[in-house]
Protein chains: 2
Amino acid sequence: MGEETRPGTLRPGGRTAQVRAAVLQAAGDALAEQGFAHLDLAEIARRAGVGKTTVYRRWGSVPGLVADLLMDMAEQSLPRARTGSLLGDLKANSRLVQRTLTDPRQGMLFKAVIAAAVCDARTAEALHRFYDARITEWAPCVQEAVDRGELPTGTDPREVIRAVSAPLYYRLLASGDPLDEAAADQAAEAATAAARSGAYITP
Amino acid sequence: MGEETRPGTLRPGGRTAQVRAAVLQAAGDALAEQGFAHLDLAEIARRAGVGKTTVYRRWGSVPGLVADLLMDMAEQSLPRARTGSLLGDLKANSRLVQRTLTDPRQGMLFKAVIAAAVCDARTAEALHRFYDARITEWAPCVQEAVDRGELPTGTDPREVIRAVSAPLYYRLLASGDPLDEAAADQAAEAATAAARSGAYITP
DNA sequence: TCCTTAATGGAACTATGGTCCCGTTAGATG
DNA sequence: CATCTAACGGGACCATAGTTCCATTAAGGA
């Protein structure tokens, strides 16, 4: 039961790939300009120079399309920093997140992705995988700090990385407080201090 | 220009208040059951035993209604803790947030409010005021800790409170990691440790 | 190269969310 | 308790998001 193939999986080359690229580009543009609320799949199809039917068939709904957009973004993630100190690495990370979230296009996109994940379980799953991959990329910074003796043994590297991003997302989505470099540095410093004192030791 | 009075403001007593209460109750129910995506104002009107026209006239759109729901919740916020120690107070706060976000009804509601805020600027403004009020309620816990000598002078109390909630919201909205008591305690401990080491001193 | 069929695209159609109109109900004021 | 009118309620109406149908195009393999 349920073994039907999704459109775009059996002939993924040539036109199919072009259509996907054009639609994702158009979706990103529309999202950045109009926001998640007024997103219209027909409008996106028009921008992409693609039939409206195609968009509905391939992606089905707005959250579905946003989820695919997220997959696309996940492939372009930047490699982690290697500054030699924990604080240096974490500041590089927090600055990167801060710049991403304050970039007009990327910021809108992340907000939309969060909203879409709230609306749709599949999108939420894609979002969780996205952050899982990011955290896995950066966690070695913390592990190396443990190995260097900067942090107590038993420190959970992934928790530390999460702790760096969390305040920035809280500002973006909840409190609305300014999301500047000072906030980014503070997040990195707080995570470092907490980690040093053993707050992220998990047995 | 723009001086027209909104419905429900000139005769706020009797039926008008009952309608508001019934609609907000129905909206909360529908939100908890079906989520933000499939929210239908006509459905809410039916549940509330109220005319569909009334809902559209008073609240206009889904984000508008969700914003009002948020106002209603803001009035029922609990008073801050007074345990005598910073860690005790912050743990009380983080546990409260954790219980709220994991409660089936309240959790869905908060997710919906965040999504609505992403979609609508007015709702975002209401959300920011909500968190501002919550932070103002709890900030004295930190100020008292500074006065007792538990924390360095110059520590920004509001930053510390934000730092407690942030990891919990990050889990709820972004990473999808478990949102249990251990996570709540860890958030409080990390914020305490970071504050002690001066990470939240703002000149 | 040719053949099969996956995938696309246009257009007509449907369904559902949202608006408008107008008569009815009931809060506020004296 | 009488009056005025803010606010409500029902139903007709409208716009547009989403579906279905079928002809056309081109990917992938013999």
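Because the structure is predicted, anything quoted here is derived from the model rather than measured. Each chain gets a letter, A, B and so on, in the order the sequences are listed, and its residues count up from 1.
- Interatomic distance, CG of Leu24(B) versus CG of Asp29(B), reported as 11.0 Å (0.5 Å rounding).
- Phosphate contact (OP1/OP2 of dT8(C), side-chain N/O of Arg58(A), threshold under 4.0 Å): present.
- Regarding Trp59(A), its CH2 atom lies at a distance of 15 Å from the P atom of dG18(D), rounded to whole Å.
- Going from atom CZ of Arg15(A) over to atom P of dA26(D) covers 5 Å, rounded to whole Å.
- Atom CD of Gln34(B) and atom P of dG17(C) are 11 Å apart (whole Å).
- Closest to the side chain of Asp40(B), from the set dA26(C), dG17(C), dA27(D), is dG17(C).
- Side-chain contact annotation: Ser165(A) with Arg134(A), donor-acceptor N/O pair under 3.5 Å absent.
- The nearest whole Å value for the distance from the CD atom in Gln18(B) to the P atom in dC8(D) is 11 Å.
- Within the 4.0 Å cut-off from OP1 or OP2 of dT19(C), not a single side-chain nitrogen or oxygen of Tyr56(B) is found.
- For dG10(C), its base never sits under 3.5 Å from the side chain of Lys52(A) at any donor and acceptor pair.
- In this model, a side-chain donor or acceptor of Thr53(B) finds a partner on the base of dG10(D) within 3.5 Å.
- The side chain of Thr54(B) contributes no N or O atom lying less than 4.0 Å from OP1 or OP2 of dA7(D).
- The shortest side-chain heavy-atom distance between Arg99(B) and Gln106(B) does not fall under the 4.5 Å cut-off.
- Residue Arg57(A) contributes atom CZ, which lies 9 Å from atom P of dG9(C) at whole-angstrom precision.
- The Leu41(A) side chain lies nearest to dG18(D) when the options are dG18(D), dC8(D), dT8(C).
- Between Arg46(B) atom CZ and dG17(C) atom C1' the separation is 15 Å, expressed in whole Å.
- Counting only N and O atoms by type, the side chains of Arg158(A) and Thr136(A) include a donor and acceptor under 3.5 Å apart.
- In this structure, the side chains of Glu150(A) and Leu86(A) come closer than 4.5 Å at one or more pairs of heavy atoms.
- In this structure, the NE2 atom of His38(B) is 14 Å from the C1' atom of dG17(C), given to the nearest Å.
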